[in-house]
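Basis for what follows: all heavy atoms, side chains included, without hydrogens, waters or symmetry-related copies.
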Amino acid sequence: MQEQRVRAGEVVWRKGEEVSDVVLVGDAKLAFRELAAVPGAIKEDLEPFGEGALLVNVYALENRLKHELTLNAVSEGTIFRIGGEDLLDFLDNNPGAFIWMRDTLVVC
């Protein structure tokens, strides 16, 4: 796990890049700003992710898919990046966690 400082507006994940890691939010705030343009998006969809949120797409990670949205820092702060291979190894050894997370895009 690597600690990283982010500035407001900084891109954490860019749409079209390969999914390669997981983000645990420290004291930063992160958001998928593109969701505001999605028909049917509700207020809760647009709220930034805060402390303790774990952002992960296990299916995309396993299949080396690309990010479908850009994740931006809304405020300056700290995030923690967990390498995708590290998470997949953990899930291989913890099937209960895998079952719980397999169809999850974001765990908060």
Side-chain angles (χ1 to χ4, degrees):
M1 182 179 332
Q2 294 183 322
E3 182 176 343
Q4 178 184 345
R5 291 289 296 169
V6 292
R7 297 178 311 276
E10 185 173 338
V11 172
V12 176
W13 289 335
R14 187 174 309 281
K15 181 179 180 177
E17 290 180 350
E18 184 179 307
V19 175
S20 62
D21 63 3
V22 173
V23 171
L24 175 62
V25 181
D27 60 356
K29 297 247 188 259
L30 307 179
F32 295 106
R33 291 186 174 163
E34 296 154 308
L35 286 178
V38 174
I42 58 175
K43 181 181 176 186
E44 288 78 19
D45 295 334
L46 307 178
E47 292 292 321
F49 299 99
E51 189 171 339
L54 179 65
L55 291 90
V56 56
N57 183 334
V58 174
Y59 180 80
L61 194 59
E62 279 185 307
N63 293 286
R64 303 202 178 278
L65 301 179
K66 297 185 183 303
H67 287 288
E68 296 180 14
L69 296 169
T70 297
L71 180 65
N72 294 89
V74 176
S75 68
E76 181 177 323
T78 303
I79 63 171
F80 301 89
R81 290 186 182 268
I82 302 167
E85 291 302 317
D86 292 336
L87 178 69
L88 293 174
D89 287 345
F90 170 79
L91 294 176
D92 281 345
N93 293 308
N94 296 277
F98 175 75
I99 290 168
W100 180 68
M101 292 179 77
R102 71 177 168 207
D103 298 323
T104 303
L105 173 59
V106 177
V107 179
C108 296

*Rounded to the nearest 0.5 Å, what's the gap from CG on D21 to CD on Q4? Could you check?*
9.0 Å

_Co-membership, hydrophobic cluster, residues L61 and I82, 4.5 Å side-chain_ = yes

*What distance do E18 atom CD and R64 atom CZ have between them, rounded to the nearest 0.5 Å?*
5.5 Å

*Atom NZ in K29, atom CD1 in I79: separation rounded to 0.5 Å?*
14.0 Å

*Looking only at heavy atoms, which two atoms of A28 and V6 are closest? And how far apart?*
CB-CG2, 3.9 Å

_V74 reachable from V12 in the ILVMFWY side-chain graph, under 4.5 Å edges_ = no

*Just how far is it from atom CZ of R33 to atom CG of L71, taken to the nearest 0.5 Å?*
10.0 Å

*Taking all non-hydrogen atoms of both residues, which atom of P48 and which atom of A31 are closest, and how far apart?*
CA-CB, 4.2 Å

*Of all the heavy-atom pairs spanning A73 and L30, show the shortest one and how long it is.*
CA-CD2, 3.6 Å

*L55 to W13 - nearest heavy-atom pair and separation*: O-CH2, 3.4 Å

_CG-OG1 distance between D27 and T78, expressed to the nearest 0.5 angstrom_ = 4.5 Å

*Which pairs pass side chain to side chain donor-acceptor pair (under 3.5 Å) with one or both residues in residues 66-77, sequence neighbours excluded?*
R5-E76

